[in-house]
Amino acid sequence: LETVKALEKAVKSDKATYIRLTGSSNNPIVYKKDYNFEIGKSIELKEGNDITIFCTGSMVYESLEAAKILEKKNILSRVVNMHTIKPIDQVAIDKACNSKLIVSVEEHNVIGGLGSAIAEYKSSLQKSPRQLILGIKDTYSKGGGYKFLKEKHRLTAEKIVEDILNNFKK
């Protein structure tokens with residue numbers, strides 16, 4: 001559904017557009033109902049005031065699952081689908097600055113993607129919380145199946161939770 005919505009907006013846009021597709025990884029469906037998709041406007045999927053998790057693509061599902069695990073540990077997470085990286089949703093980042101930690105989760109190199117775009121905007125702010133950037137470290141990765149690679153690069157809900165807990169002070 002999100003891919004179709006992104007394609008519809010891209011076709012109607014007068015700007016150059018890049019849409020990244022994961023392929024045939026059989027990702028779980030996140031949106032059960034129709035929703036409004038706007039380029040440059042993120043979608044808040046879950047409320048929480050301890051941390052904000054910005055995610056994109058296939059990491060939206062993993063981030064929602066991570067938020068469920070964190071909630072059992074009394075850490076309330078706002079989960080935001082940042083489906084558009086350029087332009088980045090500055091209003092959503094401003095709101096996230098009320099959190100104790102901002103986390104970005106992407107199935108992409110940690111350099112030059114979602115985490116970098118958030119950090120670039122945050123650098124213009126007077127005050128902002130620490131940011132944890134989760135994704136593929138800037139190294140060459142061996143190939144493998146999708147599930148294997150998500151595990152290897154710590155992009156499963158359980159690994160995301162571990163990394164957040166190692167970097168979060170309540």
Residue pair K73, I69: steps toward the side chain to side chain contact (heavy atoms under 4.5 Å, CB included) verdict: CA-CA 7 Å; K73 299 177 183 300; I69 297 168; 4.2 Å; yes
ILVMFWY cluster, F37 and V30 together (side-chain gap under 4.5 Å): yes
Any donor-acceptor N/O pair, E106 side chain to G115 backbone, under 3.5 Å: yes
Within 6.0 Å of CZ in F168, more than 12 heavy atoms from elsewhere: yes
Hydrophobic cluster partners of L114 (side-chain heavy atoms under 4.5 Å): F54, V80, M82, I85, I88, I93, I102, I118, Y121, L125
Side chains of I51 and L70 in contact at under 4.5 Å (non-hydrogen atoms): yes
Other cluster members, I133 - Ile/Leu/Val/Met/Phe/Trp/Tyr, side-chain contacts below 4.5 Å: V110, I111
Pairs flagged by salt bridge (charged side-chain N to carboxylate O under 4.0 Å, His left out) wherever residues 88-104 is involved - sequence neighbours left out: E44-K95, D50-K100
Non-hydrogen atoms of E65 and A157 that approach each other most closely: CB-CB, 3.6 Å
Residues in salt bridge (charged side-chain N to carboxylate O under 4.0 Å, His left out) contact with K159, at least two apart in sequence or another chain: E151
Which side-chain N or O atoms in residues 137-144 pair as donor and acceptor under 3.5 Å with protein atoms at least two apart or in another chain?
unit_1	atom_1	unit_2	atom_2	d
D138	OD1	N109	ND2	2.8
S141	OG	H153	NE2	2.9

Contacts of type side-chain hydrogen bond (donor to acceptor under 3.5 Å, both in side chains), residue E62, not counting sequence neighbours: K150
Shared hydrophobic cluster for V103 and L76 (ILVMFWY, side-chain gaps under 4.5 Å): no
Common cluster, I160/F148, ILVMFWY with side-chain heavy-atom separation under 4.5 Å: no
Taking every non-hydrogen atom, the tightest pair across T84 and E38: OG1-O, 4.1 Å
Closest non-hydrogen atom pair between S116 and G112, with its separation: OG-N, 2.9 Å
Stepwise side chain to side chain contact (heavy atoms under 4.5 Å, CB included) check, I75 with L165: CA-CA 9 Å; I75 298 172; L165 292 175; 3.5 Å; yes
Nearest heavy atoms of V161 and A66, plus distance in Å: CG2-O, 3.5 Å
Salt-bridge present (E71, K68; N to O < 4.0 Å): no
Expected output: side-chain K127 to main-chain C97 donor-acceptor under 3.5 Å: no
L134 side, atom CG; E107 side, atom CD - distance, nearest 0.5 Å: 13.5 Å
Under 3.5 Å donor-acceptor, S77 side chain and V79 backbone: no
Side chains of H83 and I43 in contact at under 4.5 Å (non-hydrogen atoms): yes
Hphob cluster co-occupancy, Y61 + L64, side-chain heavy atoms under 4.5 angstrom: yes
Nearest-0.5 Å distance that lies between atom SG in C55 and atom CG in L45: 6.5 Å
Side-chain heavy-atom pair L101, P129 within 4.5 angstrom cut-off: no
